[in-house]
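A short write-up of the structure that comes next.
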2 protein chains.
Amino acid sequence: MSETSRAIGLKELARVLGLSVPTVSRALGGYSDVSQKTRERVVQAAREHGYVASRAGRMLVSGRSNAIGMMLPQPAGQITDAFVGEFLLGLADSLAELGRDLFLAASSQSRDELQVLRHMVDGSQADGIVINRLTVDDARARVLIARRIPFVAHGRLIEAPGPYSWLDTDGEKALDGLARQLVSLGHRRFALVMPDVAYTFAHFRSRGLERALSELGLPLRPDHIAKVAPNDHDGAHAEARALLSLDPRPTAVIALTDQLAFAVLEVARELGLGVPGDVSVVGFDNVPMAVYANPPLTTFDQNIRESGRIAGDMVVARIELGEAGIRTLLLEPKLELRASHGPAPAD
Amino acid sequence: MSETSRAIGLKELARVLGLSVPTVSRALGGYSDVSQKTRERVVQAAREHGYVASRAGRMLVSGRSNAIGMMLPQPAGQITDAFVGEFLLGLADSLAELGRDLFLAASSQSRDELQVLRHMVDGSQADGIVINRLTVDDARARVLIARRIPFVAHGRLIEAPGPYSWLDTDGEKALDGLARQLVSLGHRRFALVMPDVAYTFAHFRSRGLERALSELGLPLRPDHIAKVAPNDHDGAHAEARALLSLDPRPTAVIALTDQLAFAVLEVARELGLGVPGDVSVVGFDNVPMAVYANPPLTTFDQNIRESGRIAGDMVVARIELGEAGIRTLLLEPKLELRASHGPAPAD
DNA sequence: ATGAAAGCGCTAACAA
DNA sequence: TTGTTAGCGCTTTCAT
């Protein structure tokens with residue numbers, strides 16, 4: 001790109017070439033009804049002048065924006081951290097390959113989630129939407145489904161009022177498998193630490209755990225389940241301390257996010273408990289720091305960046321194929337076996 | 001928002017109201033030359049029908065997009081993690097408050113950084129740009145400065161070819177202060193772990209450290225400086241192992257990012273070295289996991305989300321005021337004193 | 001206080 | 001093969 005020239009429009013480009021505006025447009029658009037020679041001249045001139053079609057013009061005539069809107073999760077739920085960034089990187093990458101733009105929208109004090117959605121959709125800023133971190137009664141998903149707006153959810157509803165595209169990791173199956181694995185390692189007393197927000201991922205994961213344990217005749221007792229507010233560091237510690245102070249003490253503590261697992265590890269250290277000698281701890285997410293935990297955390301890997309990439313492909317398919325493009329995808333998270341779990345201690 | 005209605009346009013709205021299109025537009029725009037009664041009718045109807053002005057129409061007539069473009073750092077430099085996400089959350093929040101939209105652009109195999117920039121600027125998708133993680137010879141910054149395009153850099157160039165808006169944390173001053181503090185704790189042998197990419201933040205931070213140590217008569221020896229490729233977990237460990245195996249061993253290892261500091265902590269543990277008993281370790285960034293490290297990591301806090309918010313305010317000021325709106329801001333990071341540093345061991 | 005007309009940049013339909 | 005005309009949705013003259 002020239003370092004100094006200003007942007008050039010189609011009109012100006014046509015003037016320079018001594019052609020009409022539509023001819024230039026067709027040449028650039030690759031239409032067949034323009035002479036080979038003219039096309040080359042036009043393409044050449046466009047490149048030289050660094051011509052880039054104005055999005056406004058395109059949007060106006062096509063009625064579409066060529067952009068995908070992603071709603072950022074509420075700043076309130078600050079679990080964010082690595083997640084949002086990693087997901088966005090994958091999403092942006094995929095959309096860039098597909099020639100689509102990515103549009104970010106955050107709700108704020110002055111504009112709630114639904115207003116933001118409307119801004120994107122009715123203002124035709126985005127041809128499709130990506131949302132994540134769904135709650136049990138997710139208002140965004142419900143509106144998007146009802147209005148038949150193309151969107152992809154990262155995560156899924158428990159009961160959907162209609163078909164929609166989603167991709168999710170199978171937390172239910174994952175925790176079912178984990179429970180059986182730990183039981184086979186001799187564990188009999190389990191505890192669960194989960195977020196207190198009604199995210200559906202927490203629902204599925206905890207359901208998998210509870211169901212497996214029930215089937216194995218070791219139902220999870222209510223006082224062995226701790227719920228923690230997002231980002232409440234002290235609260236997480238208090239709950240972890242309570243769980244690890246139970247008598248008899250659980251030998252395996254499952255945390256539904258790595259963030260929560262770290263809190264458990266820290267409390268275990270404070271209480272002088274060995275991990276995994278006295279208690280096994282397992283997380284979920286495999287955030288980059290999991291490998292640096294002490295001991296390195298056994299946790300489920302979600303490949304969040306790849307999920308972002310897939311979400312991009314899915315939303316574009318949904319846009320281009322209409323409702324026939326609705327897809328669902330359940331990914332299997334992989335358990336990263338590290339050093340925070342082991343056989344149950346002898347009683 | 002109605003759950004079923006489709007988007008309505010100005011024309012349709014005017015028809016419903018029995019008014020002309022321009023009158024409705026003026027009423028909504030808050031112009032004074034429309035009767036009080038008409039305005040109320042219009043506003044009411046617009047609300048009822050969920051009218052949102054098409055962005056295309058607005059853009060076309062105003063010539064501006066009302067959006068800010070943010071270039072995502074190259075997926076190559078995967079230091080990202082919490083960073084991108086946190087920064088974006090702040091940026092999106094600030095822009096939402098200011099009524100601006102946020103566009104994300106990622107370079108890909110098929111479109112390099114400068115093409116992406118041109119796409120945003122010449123296609124008038126964005127009125128202003130935000131870039132971060134600047135390198136010593138940052139092509140993006142140079143083009144933006146040369147073309148006088150409104151932008152804000154998070155981070156800054158070492159030598160700029162012209163004025164531009166930036167905000168940065170004062171890594172130079174921070175590490176100068178840290179060096180003096182550690183020397184006063186008795187440390188005499190220092191080592192430095194830094195990224196091998198020419199990010200300017202690394203330049204400033206290392207300069208601060210090296211200058212202070214030189215002034216104190218303890219110049220940092222070249223073999224006490226390790227450079228690590230981004231996200232090269234094994235490489236980081238190898239370098240850390242080399243540093244901690246030097247004889248005599250450094251008593252203080254400064255890592256320019258928390259990520260690198262974690263690697264040092266892990267290697268220290270492997271080598272059976274006590275932290276901070278045998279060696280002090282300090283990081284930079286205060287990522288959320290720093291508090292969970294073993295021992296909890298002493299590191300500089302940048303308040304990355306707040307930086308995103310400030311960047312949003314700055315880029316809007318730059319757009320609205322033109323070159324008169326150019327601002328620079330050097331924030332002072334705060335050293336979070338945790339448990340990974342302490343007095344130098346007795347020799 | 002309101003309506004009519006023009007035009008932003010682009011592409012699609014039609015005419016030559 | 002090219003040029004002319006029209007129109008996307010909106011705002012801003014200008015005229016009434």
| What residue pairs, at least two apart or across chains, pass salt bridge (charged side-chain N to carboxylate O under 4.0 Å, His left out) with a residue in residues 12-29 of chain A? |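 Qualifying pairs: A:E12-A:R15.
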
| message | Once salt bridge (charged side-chain N to carboxylate O under 4.0 Å, His left out) is applied, what residue pairs with a partner in residues 157-168 of chain B remain, sequence neighbours excluded? | response |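 Listed by first then second residue: B:R156-B:D168.
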
| Distance test, side-chain N/O of A:S20 to OP1/OP2 of D:dT2, below 4.0 Å |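 So the side chain of A:S20 is outside the cut-off, no N or O lying under 4.0 Å from OP1 or OP2 of D:dT2.
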
| task | Would you tell me if any nitrogen or oxygen in the side chain of A:S35 comes within less than 4.0 Å of OP1 or OP2 on D:dT2? | result |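 True: A:S35 side-chain N/O within range (under 4.0 Å) of D:dT2 OP1/OP2.
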
| field | Degree of bending in the helix from C:dA1-D:dT16 to C:dA16-D:dT1 once both end axes are built from five pairs, to 10° | value |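 One end axis against the other gives 50°.
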
| field | Where protein sits on nucleotides 5-12 of chain C, one letter per nucleotide: B base, S sugar-phosphate only, - none, heavy atoms under 4.0 Å | value | B-BBBSBB

| Rounded to the nearest 0.5 Å, how far apart are CZ of B:R55 and NE2 of A:H119? |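 That separation rounds to 7.5 Å.
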
Between [N] atom [atom2] and [X] atom [atom1], what is the distance in whole Å?
X	N	atom1	atom2	result
A:L19	D:dT4	CG	P	11 Å
B:D33	D:dT16	CG	P	17 Å
B:R15	C:dT2	CZ	C1'	19 Å
B:R55	D:dT11	CZ	P	14 Å

Which residues pass the side chain to side chain donor-acceptor pair (under 3.5 Å) test with [X], sequence neighbours left out?
X	result
B:E40	B:Q36
A:S25	none
B:R327	none
A:R100	A:D127, A:E320

| said: Restricting to salt bridge (charged side-chain N to carboxylate O under 4.0 Å, His left out), what partner residues turn up for A:D112, sequence neighbours left out? | reply: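 Counting only residues at least two positions away or on another chain, A:D112 forms no salt bridge (charged side-chain N to carboxylate O under 4.0 Å, His left out).
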
